[in-house]
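Worksheet: the structure to be examined is printed underneath.
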Amino acid sequence: MSMVNPTITIIGTGYVGLTTSAVLSNAGYKVYAVDTDQMKIDTMKEGKAYFFERGLDDFVRNGVESGRLMPTTSYEDSVPHADIIFSCVGTPSKDDGSSNLDYVYCAAESSAKCMKDGCIYVQKSTVPVGTGRGVIARIGNVNPNLKFDYVSNPEFLAEGSALFDALNIDRIVVGGDNHKALESVLRIFKKVDDFSKKLDHSKYKAYVGFYSGKVVNIKDSDFSQREVRTSLESAELVKVAANSFLALKISFANSVAMLCDTVGADVTEVMNGIGLDHRIGRAMLYSGLGWGGGCFPKDVRGLISVYKENNLDSPIINATVEVNNGMVAYVVKKLQRIVAIGSCRIAILGLSFKPGTSDIRSSQSILLANRLFDMGAEVVTFDPQANREARKELSKGVEICTSIEEALKDSDVVVIATEWKEFLEYDWKSARELVSGNVLFDARNRLDKKILTDIGFKYVGIGR
Ligand code: NAD
C-alpha cells in the first residue's frame, strides 16, 4: 500500500463524486470512479459529465485520456486496488424527513467484501450524526477480519460552482478515531491544493452565483490554516449544521424582506447595511423565492429529525423551513395584487434551483411555475441549462421555450425565478418590444430597480 501516492476509489459519481474524481485524477492520483448507473459511467468514459457544471467536462476528459480516471460499474474491479475509498452516494430524505441511509450502507457493505487490509473508508456523503459508527459496524459484520480505518470528511462544494469550489478548498474537515488516517486524508487534499495553485483559475472560474459568496484566495493561503481535525461525531455535525445555518441566513433575509414590503423599506439596502459587519457577513443574506436543491431541504429536515430522535426541540431550524415553505405563496400573493393571474401569460425565466447548474431538485422556480399554471395562467418557461431536466417536474401544460425571446414574446408578466447571468445581463430595453404587459417580477432581487423602471417596466421585487 502506498500512502504517499495512494490509489483512490470513489463510490457514487453524482455531483460530489464525479467532481471529486475528476479533480483528484487531474491532481495526479489514480482514481477508480464507481457507480451503479451505467449511463453515468458510459458518459464519463466518453470524457464528459452527465450534468452541467462549468469546466467539469475538461477535467473529466483530461482524467480519462490520461488513464488516471477509470470509470466502472464494478466494485470487484476497483475497490481491491484502493488505499482510500471515498463514499459519495446519495442520502435523500425519507417521507418523514429523516435521511435514507440505504445507499450509504449498501456502498459500505459492497466495499467491505473486497477492501484490502489497511484501507481507509472515507465518508463524503452528508449523513446524520451517529451514522459513521453504524457504517464501521456494518463493514465489520461483512468482513470481520478486515483492518480498516473510517474517516468522516464532509463535502462543502456547491452546485453552480462545483469545480471552482473543489479547486479552491476553503476548509477540509476530517473526523475519526485514528489520527494517522486523518493525516492521510488531509494529504490527499494538500496535493490538490498544490495542483490548484498552479492552475489558471480564470479559465475555471465558475459563475459564482448569488448563493455562494465563497471567495477564497488560495494562492495566499497556507493549507494548514484550512485543516480542521475533529471527532467522528463532530465532523458529521459540521456539514448539516453548516447547511442549516446557510439556509437560516436566507430565511432570515426573507423574513426581513416581508417586513420591508409592509413598511416601505428596501431589503437589499438593509442587508447591505448589516452585511458589512464582519461578524455577520453579506453572503447568503439574500431574499428571494427561497432555497432548494438536493442539499439544503434534505439536510435541514434531516437535522430536525435528529433533534426529534434525541427528544430535543429545534425551534430555529423549524422556523428556517417554515419561512422558506411560504415564499412561493408570498410571491403569488404579491403578484395577485398587481394582475389577474388567471388571465395572464407569464414568462418564468429560470428553472434550475440556482444558477450555474442543471439540477432541478426541489426547485422553487418549478414550484412557482406549477402554482401559477394551476391558478389558470398560461405559463411559458426558459432555462439556459435545465429545460430537459425540468420537463418531468413541470405540469403538462407549462410550455418550455428554447430562448429567452420566445418566452418573453407576448407575455404579460416576466418573472426572474433563477438568477442566471443570462437574465441579469439581458438587454431589457429590447425586451420591452417583445412583451405585452409591463410587469417584471424579480423574484431574486437581482436586477437594478431604477434601470428597469426607467425602461418602462413595473419592477416588483421581494422586500423592495
Ligand atoms: P447524487 O444523487 O447526484 O449522486 C449519488 C450517486 O451515487 C448516484 O450517481 C447514484 O447512482 C450513486 N449510487 C447510489 N448507490 C450506489 C452504490 N451502492 N454504489 C455505487 N453508486 C451508487 O448525489 P450528490 O448530489 O452527489 O450528493 C452525494 C452526497 O454528498 C449526499 O449525501 C449529499 O448530501 C452530499 N453533498 C452534496 C453536495 C451537492 O452540491 N450536490 C454538496 C455537498 C455534499
Side-chain angles (χ1 to χ4, degrees), residues 1-14 16-37 40-42 44-45 47 49 56 59-89 104 106-125 135-136 139 142-143 145-155 157 163 166-167 169 172 174 176 178-196 223:
M1 128 133 50
S2 162
M3 281 302 174
V4 178
N5 201 13
T7 298
I8 294 167
T9 293
I10 307 264
I11 302 180
T13 64
V16 170
L18 202 159
T19 309
T20 307
S21 50
V23 166
L24 292 179
S25 62
N26 278 259
Y29 291 105
K30 204 169 159 186
V31 181
Y32 292 90
V34 192
D35 205 289
T36 43
D37 187 329
K40 293 177 183 171
I41 293 303
D42 288 346
M44 251 176 126
K45 280 183 177 162
L56 191 54
F59 271 62
V60 176
R61 190 182 335 103
N62 196 27
V64 171
E65 281 175 2
S66 70
R68 286 194 300 273
L69 177 55
M70 293 163 285
T72 174
T73 52
S74 163
Y75 276 70
E76 290 75 22
D77 291 348
S78 55
V79 169
H81 303 291
D83 299 305
I84 300 190
I85 296 173
F86 286 97
S87 168
C88 306
V89 296
V104 166
C106 176
E109 286 169 351
S110 308
S111 300
K113 290 180 194 144
C114 45
M115 270 159 72
K116 66 181 176 190
D117 274 336
C119 180
I120 305 174
Y121 196 88
V122 186
Q123 193 63 256
K124 263 209 175 295
S125 297
V135 173
I136 294 170
I139 294 177
V142 172
N143 193 343
N145 297 323
L146 181 72
K147 292 188 182 61
F148 72 100
D149 282 300
Y150 183 90
V151 174
S152 167
N153 168 226
E155 176 56 54
L157 67 77
L163 181 65
L167 293 168
I169 299 169
I172 282 287
V174 284
N178 183 342
H179 154 82
K180 271 193 175 159
L182 302 189
E183 298 309 313
S184 297
V185 177
L186 287 171
R187 267 198 303 277
I188 301 267
F189 294 102
K190 168 82 173 72
K191 186 166 165 177
V192 171
D193 195 60
D194 291 341
F195 160 77
S196 186
F223 189 71

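Residues A166 and I169 share a closest heavy-atom pair of O-CG1, 3.6 Å. Contact between C88 and I10 at its shortest, heavy atoms only, is SG-CG2, 3.9 Å. Of all non-hydrogen atoms in A33 and T13, the two that sit nearest each other are CB-CG2, 3.7 Å. Shown here for A107 and I11, the closest heavy-atom pair between the two residues is CB-CG2, 3.9 Å. Pairing each heavy atom of V16 with each of L157, the nearest pair is CA-CD2, 4.4 Å. Residues S25 and R68 approach most closely at O-NE, 2.7 Å, considering heavy atoms.
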Exercise. Could you walk me through whether Y32 and T7 pass side chain to side chain contact (heavy atoms under 4.5 Å, CB included), step by step?
Key: CA-CA 8 Å; Y32 292 90; T7 298; 3.8 Å; yes

Exercise. Kindly determine whether K40 and L18 satisfy side chain to side chain contact (heavy atoms under 4.5 Å, CB included), including the steps that lead there.
Key: CA-CA 9 Å; K40 293 177 183 171; L18 202 159; over 6 Å; no

Self-check item: From CA spacing to verdict: side chain to side chain contact (heavy atoms under 4.5 Å, CB included), K30, M70
Solution: CA-CA 8 Å; K30 204 169 159 186; M70 293 163 285; 3.5 Å; yes

Quiz item: Can M115 and N143 be said to form a side chain to side chain contact (heavy atoms under 4.5 Å, CB included), step by step?
Solution: CA-CA 9 Å; M115 270 159 72; N143 193 343; 5.6 Å; no

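Not one N or O on the side chain of Y121 forms a donor-acceptor pair closer than 3.5 Å with the backbone of F148. Side-chain atoms of T9 come within 3.5 Å of backbone N or O of S78 as a donor-acceptor pair. Not a single donor-acceptor pair under 3.5 Å links the side chain of D193 to the backbone N or O of F189. Under a 3.5 Å cut-off, the side chain of D149 and the backbone N or O of I120 do not form any donor-acceptor pair.
Contact check for D83 versus K116: side-chain heavy atoms found under the 4.5 Å cut-off. Considering only heavy atoms from C-beta on, L167 comes within 4.5 Å of F195 through its side chain. Between I139 and S111 there is no side-chain heavy-atom pair separated by less than 4.5 Å. Considering only heavy atoms from C-beta on, D194 stays 4.5 Å or farther from F223 through its side chain. In this structure, the side chains of V64 and K45 stay at 4.5 Å or more apart for every pair of heavy atoms. Using a 4.5 Å heavy-atom threshold, the side chains of V122 and I85 count as separate.
Side chains of S152 and Q123: no donor on one and acceptor on the other come within 3.5 Å.
Within the cation-pi definition used here (under 6.0 Å to the ring centroid, within 45° of the axis), K191 qualifies as a partner of Y29.
Atom CG in N5 sits 11.0 Å away from atom CZ in R187 (nearest 0.5 Å). The SG atom of C119 sits 12.5 Å away from the NE2 atom of H81 when rounded to the nearest 0.5 Å.
Taking the side chain to side chain contact (heavy atoms under 4.5 Å, CB included) definition, one finds that L182 meets it with V151, V174, R229, sequence neighbours left out. Listed by chain and residue number, nothing satisfies the side chain to side chain contact (heavy atoms under 4.5 Å, CB included) test with T36 (two or more places apart in sequence, or in another chain).
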